[in-house]
Amino acid sequence: MCGIVGYIGNKDAVPILLKGLQRLEYRGYDSAGISVIGNDGIQIVKQAGKVSALAKAVDDSPVSGSVGIAHTRWATHGEPNDTNAHPHSDDDGTFSLVHNGIIENHASLRTYLQEQGVTFGTDTDTEVLVQLIAYLYKKDGISFEQAVQSALREVVGAYGIAVTCREEPDTIIIARLGSPLVLGIGDDEYFIASDASPIVEYTRKVVYLDEGEMVCIRPDGYEVKHIQDDTVLSKEVQDIDLSVEQIEKGNFPHFMVKEIHEQAHTIPDTLRGRLLADEGTAHLGGIEDWIPRFESAHRIYITACGTSWHAGLIGKYLIEEYANIPVHVEYASEFRYRRSIVDKDTLVLAISQSGETADTLAAVKKAKEKGALTVGICNVVGSSIARETECGIYTHAGPEIGVASTKAFTAQVTVLYMLALRLGKIAGMSAIEGRTLAKALTDIGKNAEQILDSSAEIEKVAWEYRDAENFLYLGRGLNFPVALEGALKLKEISYIHAEGYPAAEMKHGPIALIDEKMPVVFLAPHDMTFEKVLSNISEVKARKGMIITLTDKKTKDLSDLSDHLIVVPTSHPRIFPILATIPLQLLAYHLAVIRGCNVDQPRNLAKSVTVE
Ligand code: G6P
């Protein structure tokens, strides 16, 4: 969701900025723009649409300069059109600014500025901020840096910003409150971005901004300070653990399918060095110091959004089964605003691939205020949620670029298996039970490979349902969240309406939808729920629905009832959900490709939702 790129140094900023915007396309956006300071002052090119169209526009009317900022916008206030695209400027073009986030008091600031004679050219909250900076700069005769700082002190809301000034052309100022920014440090040049992906090909040395910090950057150095109290801060320079190959498609046509295929090694990567298969438990370095608080906890809340929330539901089933602690799973957007029963005896697990989701971050802050121990399960190292939580477990799935989460989801589930084993040990889970599950976890990598080899078969199934307008996904127990995730994946990328339900709930509503045009995907492993699911399959068959069944063993009863049977290899009934997820991802992927959809950047969606 919205991306910022910036460059200051001795090279032409334009190609660096455009390439950086391409790297950030995965976040989701609807317009893009660039501004550089050259001999003719600030030059801005911006428009609705893709970065490739912006690059073409820059080719048609070239701009150049060695200082610049750029942006991909995901509209919140004001339509996604050319005018509302960033960068924004003040009345006379002294400043140029790009912004991620929302200025909540934009309406009152706009009224105040209008009363002072400022005229506005756009509907955006962002223009209010740049106009405020310009107003203070001119009225008080202060420096660029002082004007930005004074304006930020007036602002309520969330922001990551980068600003340039025509009168101080060798400076970029960046600031963060609620929206991440990374400063890349090169040799007499600096790179700015919302995340490390645009920076990694130039330098591995970065500084992550913390909340409430601003940085004044010039080609020969930078200074970080606190926006409110003016303290100058000395920040740790960190190494980015990311390679260019990880953020490129390689031989795959889309990031999503690359990431689906990566699961054969990302799941083992998540387990590596943590799963103690012989002991039937796990050693989770990021939480071990806090284990006494885990031991004394009376309840657990899992809070998350989207796909991560589905992982949380699987976590609930696993932790309650193995560790015998009550677990509540709540959407972060609900958790943050209601009176949930959270106190010092509560653990709050926040699950987030990006580690930047605004609602999940707010939920963590609320849980901390109430005295709970907060635990982050994040994929992005150094992300806001990872840093805000007291302790945590990284999922180590590597960068996920496709908007629809795939490998990050299975990595989250993998962490939750290990957490259930770790907490199970505290709760007295038997060693044999622990070892059996742990052994099955170690087999997931090779099981996943086998499933991935059947991608062409799943593609054939997808061709048969390419014209379907609805899908139903049904599962019981641990497989109910998988049904939800299968349905979410399909709707996100193929725009086919899909719903996930606990299989037995079908009779309380969805059964009315079943006719010969309704494909129903069943999750039917041969576990304790099998007979019940088989009955549900018969109920659909009796109403002429089309049946796609995922199971762990080909049996005659299933073959007779199903139009398509997809078998995943598994050695343990509790492992079926994670493995069954992979064919569902492939089904959604192939259907979306067949229907001509943009699978990596589905319409209206953003990878990381940094606004409410
Ligand atoms: C967005 C993404 C989803 C993701 C959700 C939560 O909606 O499109 O794929 O599941 O945010 O994101 P998080 O980074 O917190 O897991």
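The figures here come from the full heavy-atom set of this structure, side chains too, leaving out hydrogens, waters and symmetry mates. Numbering starts at 1 and runs along the sequence shown. Note that ligands are numbered from 1 as they come in the structure, with each ligand's atoms numbered from 1 the same way.
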Could you tell me whether ligand 1 has any atom less than 4.0 Å away from a heavy atom of S608?
no

Within less than 4.0 angstrom of ligand 1, does L605 place any heavy atom?
no

Measuring from atom 15 (O) of ligand 1, which candidate in T395, T357, D359 has the nearest non-hydrogen atom?
T357

May I ask which of A606, G28, C378, G306 has a heavy atom nearer to atom 2 (C) of ligand 1 than the others do?
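The residue whose heavy atom sits nearest atom 2 (C) of ligand 1 is A606.
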
Can you find an N or O of [X] that's nearer than 3.5 Å to an N or O of ligand 1?
{"X": "A404", "value": "no"}
{"X": "Q412", "value": "no"}
{"X": "T360", "value": "no"}

Considering non-hydrogen atoms of the protein only, which is the closest contact for [atom], and what is the distance?
{"atom": "atom 3 (C) of ligand 1", "result": "E492 OE2, 4.2 Å"}
{"atom": "atom 16 (O) of ligand 1", "result": "S308 OG, 2.5 Å"}
{"atom": "atom 5 (C) of ligand 1", "result": "C305 O, 4.0 Å"}
{"atom": "atom 4 (C) of ligand 1", "result": "T307 N, 4.3 Å"}
{"atom": "atom 9 (O) of ligand 1", "result": "V403 O, 3.2 Å"}

Within the distance-only criterion (no hydrogens, no angle test), does the side chain of [X] pair as donor or acceptor with the backbone N or O of [Y] below 3.5 angstrom?
{"X": "R204", "Y": "I240", "result": "yes"}
{"X": "K607", "Y": "G402", "result": "yes"}
{"X": "K46", "Y": "N84", "result": "no"}

Residue portion contacting ligand 1 (non-hydrogen atoms closer than 4.0 Å) for K607:
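The answer is the backbone.
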
Against heavy atoms of S405, which atoms of ligand 1 measure under 4.0 Å?
9 (O)

May I ask you to list the atoms of ligand 1 that are less than 4.0 angstrom from any heavy atom of V609?
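Within the 4.0 Å cut-off of V609, ligand 1 contributes 1 (C), 7 (O).
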
Taking atom CD of E79 as the centre, does the number of heavy atoms from other residues, nucleotides or ligands within less than 6.0 Å exceed 12?
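Open.
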
Ring centroid separation for [X] and [Y], is it under 6.0 angstrom?
{"X": "W74", "Y": "Y29", "answer": "no"}
{"X": "Y301", "Y": "F335", "answer": "yes"}
{"X": "F471", "Y": "H497", "answer": "no"}

Salt-bridged, E259 to K407, with N to O below 4.0 Å?
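Salt bridge absent between E259 and K407.
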
Spatial distance of atom OG (S194) from atom CG (L24) [nearest 0.5 Å]:
5.5 Å

For the salt bridge (Lys or Arg N to Asp or Glu O under 4.0 Å) test, which of R23, K19, K258 pairs with E248?
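Of the listed options, the one satisfying the test is R23.
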
